[in-house]
Every structure is written in structure tokens, then in C-alpha cells.
Amino acid sequence: MTITLALSKGRIFEETLPLLRAAGIEVLEDPETSRKLILATNKPEVRVVLVRATDVPTYVQYGGADLGVVGRDVLIEHGGEGMYQPLDLNIARCRMSVAVRDDFDYAAAVKQGSRIRVATKYTAIARQHFADKGVHVDLIKLYGSMELAPLTGLADAIVDLVSTGSTLKANRLVEVEQIMDISSRLVVNQAALKLKRAPLRALIDAFASAVPQS
């Protein structure tokens with residue numbers, strides 16, 4: 001019985017490795033140097049599939065993977081249907097924030113009730129945030145380099161992930177509002193949890209005992 005774990009390259013992959021080690025699992029290849037998209041582990045029954053961060057919930061929902069590690073931001077945008085979410089792994093921590101050019105009066109724009117243009121990859125989160133505040137926004141969906149949008153006049157504000165804030169600072173942007181804290185979650189396919197209950201429960205329990213405390 002094979003267990004397939006979906007991970008994305010980069011920070012989530014790196015910060016999941018210690019949790020896997022706690023479960024006695026070592027990934028045998030480095031995703032940065034290997035061209036393979038399916039990586040073997042020291043346990044023949046466990047394998048890792050490398051997918052885009054935004055695709056992790058889809059693979060888990062439809063059974064392409066039994067479980068996965070995914071940021072709360074991606075999970076909210078996806079909707080989380082068909083998945084059990086047993087653990088906040090407390091890794092890949094950052095925050096979702098609103099940022100503007102350092103010379104833009106965000107408070108005044110919001111108070112006047114004027115429409116503001118907001119560029120983001122996270123349209124569901126942004127839409128909900130501004131609706132809760134009663135602010136009218138035109139959302140512009142972008143996939144990369146959010147910081148450019150206010151600098152070129154494409155948008156008044158951006159909604160994006162912030163970890164240190166140094167990228168914002170380098171581009172003369174300031175964080176004006178924090179929407180939510182983000183960390184990565186363990187998600188499990190509901191059907192797999194019934195069919196492969198014992199090995200999956202053992203893995204979930206091992207992850208739970210190794211979760212870093214904030």
C-alpha cells in the first residue's frame with residue numbers, strides 16, 4: 001500500500017523535512033538537483049510528489065496524493081473541499097497583508113468610500129477582507145511581482161504574503177493592514193483516510209508530535 005505525499009519545492013519542502021524525519025522518513029533525492037517529480041524515500045511504501053504550491057489541494061482532493069502540505073493562503077483560495085485538515089504544522093510562517101506606495105494615503109482612500117484598485121493573486125481572501133470592512137474594490141488578478149502594480153499605477157494597493165517586509169521596503173511600499181497569519185497545514189484525502197487508515201494515522205501522529213511550537 002503506497003502513501004503519496006504532495007509537496008511544493010522551496011520553503012515548504014525544506015521545513016517539512018524535519019517533520020518527515022521525526023516520522024522516520026528520509027527523502028532520497030534533493031528536488032533542487034533532481035529532475036524527477038516523484039521522489040523515493042527510505043520507506044518503499046512512502047513517496048513524495050513535487051507539484052506547484054497552488055496544485056497541492058487539488059492533488060489531495062482528487063486522490064492524486066493521499067496527503068499534502070499547503071499554506072493556509074492556498075487552502076482558503078482553493079476552498080478546501082474533500083479534504084480533512086488535521087494539523088497546523090506551524091511552518092513556512094508569514095502573514096497576508098495590504099500594502100501601498102509610501103506616498104499613498106490609504107486611510108483617507110478607505111474612509112472616503114471611494115473604490116480602490118487592488119492587485120493580488122489571492123482574490124478570495126482580498127474580496128472577503130474588503131467586504132468585511134465595507135470598502136469597494138476592483139480586484140486585479142496577478143500571478144507575480146505584485147510590488148510593481150502600485151509603482152506603475154496599475155493598482156492603489158496589493159494584497160500579498162509578507163515575511164520580512166524587505167521586498168516591500170526595497171520597492172517603497174508600506175504594509176498598512178495585516179489580514180491574517182499564514183502557516184502551512186497538513187491536508188489528507190478523505191477517502192484515503194478510510195482506505196489507508198493505519199499508515200496515515202501513524203504519519204499524522206508522528207507529524208503532530210514533531211510540530212514546532214510557536
Practice task
Evaluate whether atom NZ of K141 has more than 12 neighbouring non-hydrogen atoms of other residues, nucleotides or ligands under 6.0 angstrom away.
Solution key: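 Correct, the count exceeds 12.
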Under the rule for side-chain hydrogen bond (donor to acceptor under 3.5 Å, both in side chains), what residues qualify as partners of [X], not counting sequence neighbours?
X: Q178; value: D181
X: D138; value: R115
X: K196; value: D66
X: D103; value: R101

Using a 3.5 Å distance criterion without hydrogens, assess whether the side chain of [X] forms a donor-acceptor pair with backbone atoms of [Y].
X: E81; Y: Q61; answer: no
X: E15; Y: A92; answer: yes
X: D156; Y: R117; answer: yes
X: S34; Y: P31; answer: no

Residues 46-55 side chain polar contacts: donor-acceptor under 3.5 Å, at least two apart:
from: R47; atom 1: NE; to: T4; atom 2: OG1; distance (Å): 2.9

hydrophobic_cluster_shared for [Y] and [X], side chain cutoff 4.5 Å:
X: V27; Y: L7; value: yes
X: I25; Y: V60; value: no
X: V69; Y: Y59; value: no
X: L20; Y: I3; value: yes
X: F13; Y: V70; value: no

Using the test side-chain contact (heavy atoms from CB on, under 4.5 Å), find all partners of [X] that sit at least two apart in sequence or belong to another chain.
X: A149; value: A119, L142, L154, A155, I158
X: L148; value: S145, T152
X: N171; value: E147, L151, T167, L173
X: E45; value: K43

Handout entry: Shortest non-hydrogen separation from R11 to C94 and the atoms involved
Key = NH1-CB, 4.5 Å
Fill in the blank from the handout: All heavy atoms of P212 vs all of L89, minimum pair found to be CD-O, 3.4 Å
Practice task
Give me the other members of the hydrophobic cluster that Y122 sits in, counting Ile, Leu, Val, Met, Phe, Trp and Tyr linked by side-chain heavy atoms under 4.5 Å, directly or via other members.
Solution key: I76, M96, V98, V100, F104, Y106, V110, I116, V118, I125, F130, V135, V137, L139, V159, L161, V174, V176, I179, M180, I182
Handout entry: Basic-acidic side-chain contact under 4.0 Å: K9, E32
Key = no
Problem - Electrostatic pair K133-E177, nearest N-O below 4.0 angstrom - result: yes
Practice task
For residues 184-195, pull every pair meeting side chain to side chain donor-acceptor pair (under 3.5 Å), keeping only residues two or more places apart or in separate chains.
Solution key: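 Sorted pair list comes back empty.
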Practice task
May I have the step-by-step check of side chain to side chain contact (heavy atoms under 4.5 Å, CB included) for K121 and D160, ending in yes or no?
Solution key: CA-CA 7 Å; K121 185 166 74 174; D160 203 10; 5.7 Å; no
Between atom [atom1] of [X] and atom [atom2] of [Y], what is the distance when rounded to the nearest 0.5 Å?
X: L39; Y: D30; atom1: CG; atom2: CG; result: 9.0 Å
X: L28; Y: T41; atom1: CG; atom2: OG1; result: 6.0 Å
X: L19; Y: L186; atom1: CG; atom2: CG; result: 9.0 Å
X: Y84; Y: I204; atom1: OH; atom2: CD1; result: 6.0 Å
X: T120; Y: I140; atom1: OG1; atom2: CD1; result: 10.5 Å
X: L5; Y: L67; atom1: CG; atom2: CG; result: 5.0 Å

Problem - D88 side chain to S183 side chain, donor-acceptor N/O pair below 3.5 angstrom - result: yes
Exercise for the section: Taking the side chain as every heavy atom from C-beta outward, state whether V162 and L168 have any atom pair closer than 4.5 Å. Expected result: yes
Exercise for the section: Show your working on side chain to side chain contact (heavy atoms under 4.5 Å, CB included) between V187 and L75 and close with a plain yes or no. Expected result: CA-CA 9 Å; V187 291; L75 214 43; 3.8 Å; yes
Handout entry: Residues which pass salt bridge (Lys or Arg N to Asp or Glu O under 4.0 Å) with D102, listed by chain and number, not counting sequence neighbours
Key =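 So D102 forms a salt bridge (Lys or Arg N to Asp or Glu O under 4.0 Å) with R172.
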Practice task
Applying salt bridge (Lys or Arg N to Asp or Glu O under 4.0 Å), run through R95 and E175 and close with a yes or a no.
Solution key: CA-CA 11 Å; R95 58 194 179 272; E175 212 174 332; 2.7 Å; yes
